[in-house]
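Structure first, then comments.
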Amino acid sequence: MNWHVQDLIARALQEDIGHQDITTENLVDAKQRSRGVFLAKSAGIIAGIAVAEQVFRTLDEDIEFTTIINDGEEATPGDVIAIVEGRTRTLLIGERTALNFLQRLSGIATRTRRMVDLIRYEKAEIVDTRKTTPGLRWLEKYAVRVGGARNHRFGLYDGAMIKDNHIKAAGGIQKAVSTLRARIPHTIKIEVEVEDLEQLQEALEARADIIMLDNMDVDTMRQAVEITAGRALLEASGGITEDTLVEVARTGVDFISIGALTHSAGSLDISFNLE
């Protein structure tokens, strides 16, 4: 567990507990011990088991945690996902925070797997975006990988991407690409967002490494693939849903970026029952 996730867990617990769990600490004897079971109530792909375990270990290192269904595996309604044993107070205090992480990450992994499976016979690969919950990006992008898709850049620091507002600020695609290429390491690829075939041609002339086709219809995407002819990688983006995904993949693009993997994924229904 890296330091970022440990810090995130600590802050999530502090947010929930505050100065004390008024109910548990005044109701349950400190020496009482129990067994808690994470139970799937709907079908989906599990992600975040280690995070849920770390929630309880942050509260009490002496808990026993047994994983039944690992990250990346499918759970069906009624399946036991994991079992935690320890002080009853620990289990009750950590329950909601552990569930919040596990349900959220599993929901992302489940939606991602569903979309990946839709185009499993096409060459295009699904990637995520930076449209993540503030503070949760590392974990949400991890859940995307568990679901079978790839990560796009993690932040502004690990990828050069010229978007529409950059183009306006720089004075055009050619100028933006040439200026950026002269100032960044040669090992970093440059991606340019384009809105039409004219801008696509400009990006190709500027020798962009990756070109994002923003909100183009499928017919225009097919033309873009023909025009590009392998001179750059092409990424389709903008409003792509499960209903349109297959059609987009069949245009011949290399990547399909979908913000909904993270910004609109629901939580998988999981319960935590004390025994």
Not counting sequence neighbours, which residues clear salt bridge (charged side-chain N to carboxylate O under 4.0 Å, His left out) with Arg35? List them please. Glu275
Is there a donor-acceptor contact under 3.5 Å from the side chain of Thr228 to the main chain of Ala224? yes
Tell me if a side-chain donor or acceptor on Asn70 pairs with a main-chain N or O of Glu73 at a distance below 3.5 Å. no
For the side-chain contact (heavy atoms from CB on, under 4.5 Å) test, which of Leu91, Leu92, Thr90 pairs with Thr88? Leu92
Quick one: does Asn26's side chain get under 4.5 Å of Gln20's, heavy atoms only? yes
What is the distance from atom CG of Asn100 to atom OG of Ser267, rounded to the nearest 0.5 Å? 7.5 Å
Report the residues that fulfil ring pair (Phe, Tyr, Trp, His ring centres under 6.0 Å) with Phe101, sequence neighbours left out, ordered by chain and then residue number. none
Only pairs at least two apart or in different chains count here, so list each salt bridge (Lys or Arg N to Asp or Glu O under 4.0 Å) that has a residue in residues 99-119. Arg104-Glu140, Arg114-Glu242
Scan side-chain atoms only and decide if His166 and Glu193 contain a donor-acceptor pair under the 3.5 Å cut-off. no
Please check this pair: side chain of Thr179 against backbone of Ala176, looking for a donor-acceptor N/O pair closer than 3.5 Å. no
Under 3.5 Å, which donor-acceptor pairs link side chains of residues 1-10 to any protein atom two or more places apart or in another chain?
from: Asn2; atom 1: OD1; to: His4; atom 2: N; distance (Å): 3.1
from: Asn2; atom 1: OD1; to: Val5; atom 2: N; distance (Å): 2.8
from: Asp7; atom 1: OD2; to: Arg11; atom 2: NE; distance (Å): 3.0

Going by salt bridge (charged side-chain N to carboxylate O under 4.0 Å, His left out), name the residues that satisfy it together with Glu53, two or more places apart in sequence or in a different chain. Arg57
Side-chain donor/acceptor of Asp21 to backbone N/O of Ile17, under 3.5 Å: no
For Asp217 and Thr220, which I'm curious about, is there any donor-acceptor pair between the side chains at under 3.5 Å? yes
Keeping the roles fixed (side chain from Arg231, backbone from Ile227), state whether a donor-acceptor pair exists under 3.5 Å. yes
Give me the one residue out of Ile211, Ile162, Val194, Leu204 that meets side-chain contact (heavy atoms from CB on, under 4.5 Å) with Ile173. Val194
Is there a donor-acceptor contact under 3.5 Å from the side chain of Thr97 to the main chain of Gly94? no
Strictly distance-based, threshold 3.5 Å: is any side-chain N or O of Arg89 a donor or acceptor partner for the main-chain N or O of Glu25? yes
Residue pairs involving residues 122-132 (criterion side-chain hydrogen bond (donor to acceptor under 3.5 Å, both in side chains); sequence neighbours excluded): Glu122-Arg250, Lys123-Asp254, Glu125-Arg150, Asp128-Lys141, Asp128-Asn151, Thr132-Arg137
